[in-house]
Amino acid sequence: FDKKSYSGQIRMEVLICIYPLGSFKLGLLFHGLDDGEVGAYLEQIRCDLIDVNLEVFEKSWLSVINRHSILRTAFYYDDFKVQVQGVFHEVKLPVEILDYSTFQENEQVRLLEEYEASERTKGFDLKMAPLMRVALVKLTENRYRMLWIYHHLISDGWSMAILMEAFLTTYGSLLESRELPVATVDNYEEYIRYIENRDKREEQNFWQNYLGKVESTTLLPFI
């Protein structure tokens with residue numbers, strides 16, 4: 001893809017790279033658009049934090065976003081002949097700070113439920129990175145509820161746990177003025193190029209030969 005040849009509305013000067021979607025993301029994107037529901041494939045993760053330093057909180061999320069390109073990714077499904085994803089050099093994370101500490105516990109529960117429901121109806125514009133946002137709700141003098149909202153296109157269940165651990169580890173390190181561990185910069189584009197260059201005919205022949213005589217349930221070859 002040649003950025004200079006594109007005359008659309010995407011700000012090419014802030015993009016690091018553009019590449020096609022993998023098969024899983026392509027299927028997820030298709031079903032998400034086909035469903036037409038605003039909150040389809042939107043995930044919400046909650047956790048409680050004690051004595052939150054707001055400045056360190058935001059710096060920690062920014063550090064995680066900078067180290068993981070998928071968190072700076074947007075998806076373009078009708079701008080080109082094929083669906084592509086674009087990684088931005090930097091993005092601004094939407095963070096909303098709320099104070100429910102003056103309410104009784106049962107009222108806090110109601111307000112949190114209403115807030116989570118309203119967040120689901122917002123959804124995301126898939127062409128606008130980041131496809132995530134964070135809310136921090138003060139419940140008591142020192143306890144906060146963090147709500148991390150993101151689209152399933154940028155994280156699955158296993159990755160979510162890795163990203164959450166990265167945030168908490170980074171937060172602890174910055175809070176104690178410790179140096180952050182040197183992290184290898186990911187480059188998902190290399191994986192996409194790898195699967196694009198594989199011999200599709202060879203793969204098709206393998207599975208046709210392997211499954212050709214199968215008449216009942218069987219294990220895959222790598223099990």
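Quick caveat, the model's predicted, so the values are computed rather than measured.
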Distance under 6.0 Å and angle within 45° of ring axis: [X] vs [Y]:
X	Y	result
Lys25	Tyr191	no
Arg133	Phe124	yes
Lys59	Tyr171	no

Assign the ring pair Phe24 / His152 to parallel, tilted or perpendicular, where the plane angle (0 to 90°) is split at 30° and 60°.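 Geometry flag for His152 against Phe24: perpendicular rings.
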In terms of the angle between their ring planes, are Trp207 and Tyr210 parallel, tilted or perpendicular, with boundaries placed at 30° and 60°?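 Geometry flag for Tyr210 against Trp207: perpendicular rings.
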Do the charged groups of Arg110 and Glu107 touch, with an N to O distance under 4.0 Å?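 A salt bridge links Arg110 with Glu107.
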Is the backbone of [Y] close enough, under 3.5 Å, to the side chain of [X] for a donor and an acceptor to pair up by distance?
X	Y	answer
Thr169	Ala166	no
Arg72	Glu90	no
His151	Leu153	yes
Asp199	Arg201	yes
Thr73	Ser69	yes

Taking the side chain as every heavy atom from C-beta outward, state whether Leu28 and Tyr41 have any atom pair closer than 4.5 Å.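 Yes, side chains in contact.
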Taking side chain as C-beta onward, heavy atoms only, is Ile45 less than 4.5 Å from Met160? yes
Inspect the surroundings of CD in Glu114 and state if more than 12 heavy atoms from other residues, nucleotides or ligands are less than 6.0 Å away.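 Yes, enclosed.
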Verify the neighbour count for atom CD of Gln208: are there more than 12 heavy atoms of other residues, nucleotides or ligands below 6.0 Å? yes
Option from Glu196, Glu190, Arg198 for which side-chain hydrogen bond (donor to acceptor under 3.5 Å, both in side chains) with Tyr194 holds: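 Testing Tyr194 for a side-chain hydrogen bond (donor to acceptor under 3.5 Å, both in side chains) against Glu196, Glu190, Arg198 leaves exactly one candidate, Arg198.
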In one Ile/Leu/Val/Met/Phe/Trp/Tyr side-chain cluster, 4.5 Å: Leu33, Leu21: yes
